[in-house]
Amino acid sequence: MADERLIVALDFHRFDDVKNLVNELGDSVKFYKVGMELFYSVGAQVVEWLKSQDKKIFLDLKLHDIPNTVAGGLCSLMNLGADILNVHAAGGFTMMKIAADKLREESARQNIPCPKIIAITVLTSINQTDWNGMGYDLIKISDQVVRFAKLANSAGLDGVVASPQEAKLIRESCGEKFLIVTPGIRPAGSDINDQSRISTPSAAIKNGANYLVVGRPIRAAENPKLAAQKILEEIHEV
Ligand code: C5P
């Protein structure tokens, strides 16, 4: 059985590219992430197709708006059948709590499985210069990540998206059941691209990550299946 801890990011805008990669990776990968590039160009049919291929889906649309709007948006997305949905923790405690409560109420009312709902803490692409530029120079990025994670936990969310570098601190403050999803994964020697706060697959798992989101290191590899298999081996060796 495929190891569900690896989530491959389908950052494409053409449906054919999605089909080619998913078919090429075959049974080795079970979990895929559909983000805004793909969802805005192809729409709900990509989620339906992945489900028809018996895949699991993290629908990474990073909702960020007033509580009522985010709650309504999540309820609409729930009907597509994704396994994980997300919002920005920067939307605040009230937004996260109302959104999570409404989603659970609505799934119970419709008698359909409730997706996990997780919060983005601080994007893994944000470096210290970006951070200071936004006026946050008085607080450390890692402290803010932990603060957002605790806020999401107290609002009843299932987990967070964070850099693998912060996974350990989050695990210590939010407990064993809290989901930690880490992008910013780069196998040793691979290109960093626009990411900043990165780690290798094994370091992320050692630090407590439940799921690793990997995009370009697999998608842009000469042999994506081999790249995925190497990452899976590294995960298993931990
Ligand atoms: O190609 P790469 O492995 O950098 O892709 C990482 C994926 O994870 C992208 O789809 C990006 O949108 C997403 N992501 C991220 N950092 C976050 C949340 C999501 O890189 N904090």
Side-chain angles (χ1 to χ4, degrees), residues 2-65 69-88 91 99 102-103 106-107 110 112-120 123-125 158-161 179 181-186 190-191 193-195 211-229 231-232:
D3 190 325
E4 294 189 4
R5 290 178 293 178
L6 173 64
I7 303 181
V8 174
L10 295 169
D11 292 328
F12 295 116
H13 60 271
R14 282 166 26 102
F15 201 179
D16 281 350
D17 291 335
V18 172
K19 289 179 178 165
N20 289 341
L21 183 67
V22 172
N23 289 335
E24 186 177 350
L25 296 177
D27 289 339
S28 54
V29 177
K30 174 82 177 177
F31 222 133
Y32 286 93
K33 185 175 86 68
V34 174
M36 51 182 91
E37 178 181 358
L38 181 58
F39 195 76
Y40 294 162
S41 67
V42 177
Q45 58 171 327
V46 72
V47 178
E48 283 157 21
W49 182 80
L50 286 166
K51 282 176 71 74
S52 76
Q53 303 299 301
D54 200 26
K55 301 301 180 190
K56 294 181 90 171
I57 301 137
F58 169 18
L59 190 50
D60 176 29
L61 297 179
K62 301 186 175 69
L63 277 64
H64 190 176
D65 208 315
T69 304
V70 170
L74 288 176
C75 290
S76 300
L77 293 174
M78 177 177 67
N79 292 311
L80 301 180
D83 300 276
I84 304 179
L85 300 175
N86 63 355
V87 302
H88 269 284
K102 181 84 192 293
L103 188 68
E106 196 51 29
S107 74
Q110 294 186 40
I112 52 178
C114 190
K116 299 284 184 206
I117 168 165
I118 62 177
I120 302 287
L123 295 172
T124 44
S125 55
D158 299 294
V160 285
V161 182
L179 293 179
V181 179
T182 59
I185 300 296
R186 290 293 180 269
S190 62
D191 199 336
N193 313 109
D194 58 350
Q195 295 286 12
Y211 294 102
L212 312 188
V213 173
V214 186
R216 284 161 291 188
I218 292 176
R219 248 182 14 250
E222 217 166 284
N223 183 337
K225 188 164 188 175
L226 190 64
Q229 278 164 350
I231 292 173
L232 286 164

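Everything numeric in this text was worked out from a predicted model, so none of it was measured.
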Here the pair of heavy atoms bringing Ile84 nearest to Pro115 is N-CB, 4.4 Å
d(Ile57 CD1, Ile7 CD1) to nearest 0.5 Å is 11.0 Å
Interatomic distance, Leu25 atom CG to Leu226 atom CG [nearest 0.5 angstrom]: 11.0 Å
Does the side chain of Lys102 reach to within under 4.5 Å of the side chain of Leu74, using non-hydrogen atoms? no
Arg216 side chain reached by Asp191 side chain, heavy atoms, under 4.5 Å: no
Asp60 versus Val161: any side-chain heavy-atom pair under 4.5 Å? no
To the nearest 0.5 Å, what is the distance between CG (Leu232) and NZ (Lys225)? 11.0 Å
Test side chain to side chain contact (heavy atoms under 4.5 Å, CB included) on Asp17 and Leu38; report intermediate values, then the result. CA-CA 10 Å; Asp17 291 335; Leu38 181 58; over 6 Å; no
Taking all atoms of both residues into account, what is the closest heavy-atom pair of Leu85 and Met78, and its distance? CD1-N, 4.2 Å
Taking the side chain as everything from C-beta on, heavy atoms only, tell me whether Glu4 gets closer than 4.5 Å to Asp83. no
Which residue is it: Leu61, Ile117, Asp65? I am looking for the one with a side-chain contact (heavy atoms from CB on, under 4.5 Å) to Val87. Ile117
Write down the atom of Gly184, the atom of Gln195, and the distance for their closest heavy-atom approach. N-NE2, 3.8 Å
Under 4.5 Å between any side-chain heavy atoms of Ile118 and Tyr211, yes or no? no
Leu80 side chain near Phe39 side chain, heavy-atom distance below 4.5 Å: yes
Find the distance between CD (Gln229) and OG (Ser28) and round it off to the nearest 0.5 Å. 5.5 Å
Can you check whether Val18 reaches Val34 side chain to side chain, under 4.5 Å on heavy atoms? no
Does the side chain of Val29 come within less than 4.5 Å of Ile218's, by heavy atoms? no
Heavy-atom pair of closest approach, residues Glu24 and Pro224: OE2-CD, 3.3 Å
Quick check: closest heavy atoms across Val42 and His13, and the distance to 0.1 Å? CG2-O, 3.7 Å
To the nearest 0.5 Å, what is the distance between CG on Asn86 and NE2 on His64? 12.5 Å
Sidechain N-carboxylate O distance under 4.0 Å for Lys30, Asp54: yes
Does Gly81 offer a backbone N or O that forms a donor-acceptor pair with the side chain of Lys51 under 3.5 Å? yes
For Lys116, does the NZ atom have more than 12 heavy-atom neighbours from other residues, nucleotides or ligands under 6.0 Å away? no
Which class fits the ring pair Phe15 and Trp49: parallel under 30°, tilted 30 to 60°, perpendicular over 60°? perpendicular
Leu63 CG to Ile120 CD1 distance, which is reported to the nearest 0.5 Å: 10.5 Å
